[in-house]
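Notes to accompany the following structure.
This structure is a prediction, so every number in the text was calculated from the model and none was measured.
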Number of protein chains: 2
Amino acid sequence: MDDDALSTADLLRALGNEHRLTILEWLADPRSHFPEQRDGDLVDDGVCVGFITDKIGLSQPTVTNHLQCLAKVGIVNSKRIKNWAFYKLAPERLQQLEAALSKVAATASRIQKSP
Amino acid sequence: MDDDALSTADLLRALGNEHRLTILEWLADPRSHFPEQRDGDLVDDGVCVGFITDKIGLSQPTVTNHLQCLAKVGIVNSKRIKNWAFYKLAPERLQQLEAALSKVAATASRIQKSP
DNA sequence: CTTCTATATAGTTATTTTGCTATTTAGGTA
DNA sequence: TACCTAAATAGCAAAATAACTATATAGAAG
């Protein structure tokens, strides 16, 4: 929606937290980190808040907050099934950020290597 | 020095600020953004604090603070010549971060594309 | 030796972030 | 209908961040 007013700094800030990075790594490969879910597939639908809460050792509202923070910048997407909320990683957004960093790094390398 | 206790989150947090990102882009290609310096080469030695301060429109101590923040995580290096402090981008660090993001994104893509 | 200049440090304040507990909401289930 | 269960929201406190002004420091210049 209001996706456009989103800066690279917003994205980086969303990733700049140990807990959120941990969650991100879990969501990148959910089957390696969580048991199967009754309603909703770990990979296709995402991971429910409860599983993440149990594993990370923070309160449920705090975890919801971290997930919403990631969702706001489009790094994860959420979906409701029954009364579960499933969060799933959006790799495109990460690749987008990767490209932005790559550009700066490449410019600097090019400039610094010049005669 | 105590470079090892540095997490990816620390790096991302350092980059997650509009002003610091702006400075980074300037430092990636200093000759496109700053006039030549009397003592110290823009590319080889880095850009002095004063130039950055003038261009960004923040107070000098605030700029020093941002630069030290970037230096602490190794994104820039600093060098003193006479009584100037020159800050220079370290592209390796950015590439390192890029690689870390790339890994997570690649894992997620691989997992999500599986049958 | 004094003065000037560039940067760093100290100290303060406002804002943002991160966490919590308590409560609300909304969808199932007995 | 009344009751669970999962997640979201509200409200609050502590800590971190980002900015400023004033001051200290260290090297150069006179």
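Note on B:T64: a side-chain N or O is less than 4.0 Å away from OP1 or OP2 of C:dA8. Side-chain nitrogen and oxygen atoms of A:T62 include at least one within less than 4.0 Å of the OP1 or OP2 phosphate oxygen of C:dC20. Look at A:S59 and you won't find any side-chain N or O under 4.0 angstrom from OP1 or OP2 of C:dG19.
A donor-acceptor pair under 3.5 Å is absent between the side-chain atoms of A:K55 and the main chain of A:W26, judged by distance alone.
For A:P61 and A:R80, each mapped to the nucleotide of DNA chain C holding its nearest heavy atom, the one lying further toward the 5' end belongs to A:P61. Of the two residues contacting DNA chain D, namely A:F51 and A:R13, the nearest-nucleotide position lying further toward the 5' end is that of A:F51.
By the 30° and 60° cut-offs, the orientation of the rings of A:F34 relative to A:F51 is parallel.
Nucleotide C:dT5 holds its C1' atom 13 Å from the CG atom of B:D54, rounded to whole Å. Taking atom OH of residue A:Y87 and atom C1' of nucleotide D:dA6, one finds them 12 Å apart after rounding to whole Å. The distance between atom CG of A:L15 and atom P of C:dT17, rounded to the nearest whole Å, is 14 Å. Taking atom CD on A:Q37 and atom C1' on D:dA6, their separation rounds to 12 Å, with Å as the unit.
Here the side chain of B:H66 is nearest to one of C:dT17, D:dA18, C:dT21, namely D:dA18. Comparing D:dT9, C:dT7, C:dG28 by their nearest atom to the side chain of A:K82 picks out C:dG28.
Applying the 3.5 Å distance criterion, the base of C:dA8 shares no donor-acceptor pair with the side chain of B:Q68. A donor-acceptor contact under 3.5 Å is not formed by the side chain of A:Q60 with the base of D:dA6. Not a single donor-acceptor contact under 3.5 angstrom links the side-chain atoms of B:N83 to the base of C:dT7.
In this model, a donor atom of one side chain and an acceptor atom of the other lie less than 3.5 Å apart for B:S109 and A:Q95. Between the side chains of A:T22 and A:E18, no donor-acceptor pair of N or O atoms lies under 3.5 Å.
Within 4.0 Å (heavy atoms only), B:C69 reaches no atom of the nucleic acid at all.
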